[in-house]
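Scroll down for the structure; my scribbles are underneath it.
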Amino acid sequence: MTILSAGFYCREDTVQIAKELIGKVIITEFNGLLTSARIVETEAYKAPEDKACHAYLNRKTKRTKTMFLPGGVAYIYLCYGIHHLFNVVTGPEGAAHAVLIRAVEPLAGQEIMLRRRGLDKLKPQLSAGPGVMSKALGIEKAYDAISLTEPKGLIRIADAPVLPFSEIIAGPRVGIDYAEECVDWPWRFYQRDCPWVSKIRKKKS
DNA sequence: ATAATGATTCGCT
DNA sequence: GCGAATCATTATG
């Protein structure tokens with residue numbers, strides 16, 4: 001099992017990386033509890049031109065500074081005061097690019113994930129959604145900016161064959177209605193016919 | 001359908 | 001510094 005190296009993340013084309021991340025495997029190991037899950041849904045965010053990106057126009061703040069790091073580290077932040085969202089920083093140092101992981105398919109340590117979520121049965125609700133999949137894997141914002149490329153790291157991502165083109169679907173990103181002309185950019189990728197992909201949420205009336 | 005929830009940011013001073 | 005508005009969501013009825 002090969003861990004993806006910095007070379008994979010540091011490329012300039014974040015959208016391409018987001019696409020290639022589908023099918024890769026996230027492994028977390030906190031407190032000796034090992035869990036892993038297959039990525040089935042991602043979104044690309046790319047400053048400065050992307051209005052939906054926190055670092056739009058390269059705004060550098062305490063929160064977004066992680067995104068300016070070289071590719072291969074985690075960017076984790078709190079959303080709606082409740083949910084920890086997990087991103088992978090991409091691109092060279094100084095480029096605020098990142099890929100949001102939105103949904104995963106549980107592999108190893110399913111009992112651990114169920115316990116963390118307070119569920120007793122394996123169903124998409126366990127990890128189909130950016131907030132809940134972080135919770136299932138035990139990811140918290142305290143792990144912001146840690147490396148993903150260390151073989152012994154708390155969080156790492158294992159390589160896997162790239163899915164056939166026909167299995168990957170591109171669409172507009174979710175939950176960024178405020179981003180005006182950027183809302184329709186097809187920067188969301190997910191695996192076709194996969195029950196672990198998050199459901200498209202209906203917009204407010 | 002909507003309440004819950006808190007870090008972050010922005011516009012003041 | 002301070003306070004208000006904002007938000008890449010989820011769970012529940």
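So you know, we letter chains A, B, ... as the sequences are listed, proteins then strands, and number each from 1.
Both A:Gly81 and A:Gly129 lie close to DNA chain C; mapped to their nearest nucleotides by heavy-atom distance, the more 5′-ward contact belongs to A:Gly81.
Annotation: cation-pi geometry not satisfied between A:Arg192 and A:Tyr190 (NZ/CZ under 6.0 angstrom from ring centroid, within 45° of ring axis).
In this structure, A:Arg173 reaches neither bases nor backbone, as no heavy-atom distance under 4.0 Å exists between it and the strands shown. Within 4.0 Å (heavy atoms only), A:Arg117 reaches sugar-phosphate atoms of the nucleic acid but no base atom.
Note on A:Lys51 versus A:Glu180: salt bridge recorded, some NZ/NE/NH1/NH2 to OD/OE distance being below 4.0 Å. Taking a cutoff of 4.0 Å between a charged side-chain nitrogen and a carboxylate oxygen, A:Glu150 and A:Arg156 do not qualify as a salt bridge.
At most 12 heavy atoms of other shown residues, nucleotides or ligands fall within 6.0 angstrom of atom NZ in A:Lys135.
The CE atom of A:Met67 sits 14 Å away from the C1' atom of B:dT9 (whole-angstrom rounding). When rounded to the nearest whole Å, the span between OH of A:Tyr75 and C1' of B:dA7 equals 11 Å. C:dT12 atom P lies 8 Å from atom CD of A:Gln125, rounded to whole Å. When the P atom of B:dC10 is taken as reference, atom NE2 of A:His54 falls 11 Å away, rounded to whole Å. Atom CG of A:Asp144 is separated from atom P of B:dA7 by 14 Å (rounded to the nearest Å). Between the OH atom of A:Tyr80 and the C1' atom of C:dT12 there is a distance of 18 Å, rounded to whole Å. Counting to the nearest Å, the C1' atom of B:dG6 and the CD1 atom of A:Ile76 are 17 Å from each other. A straight line from NZ of A:Lys62 to C1' of B:dC10 spans 16 Å, rounded to a whole angstrom.
Under the Watson-Crick or G-U wobble criterion, with both distances below 3.5 Å, B:dT5 has no partner in any strand shown.
With hydrogens and angles left out, the side-chain atoms of A:Tyr75 and A:His54 include a donor and acceptor closer than 3.5 Å.
Comparing atom distances between the A:Lys141 side chain and each of C:dT9, B:dA7, B:dT9 picks out B:dA7 as nearest. For A:Thr61, the side-chain atoms get nearest to B:dT9 when compared with the rest of C:dA11, B:dT9, C:dT9. Listed candidates were C:dT10, C:dC7, B:dA4. Nearest to the side chain of A:Ile82 is B:dA4. Distance from the side chain of A:Leu78 is smallest for B:dA7 among the nucleotides B:dA7, C:dA11, B:dT9.
The side chain of A:Arg59 contributes no N or O atom lying less than 4.0 Å from OP1 or OP2 of B:dT8. Contact between the side-chain N/O atoms of A:Arg63 and the OP1/OP2 oxygens of B:dT9 is found at a separation under 4.0 Å.
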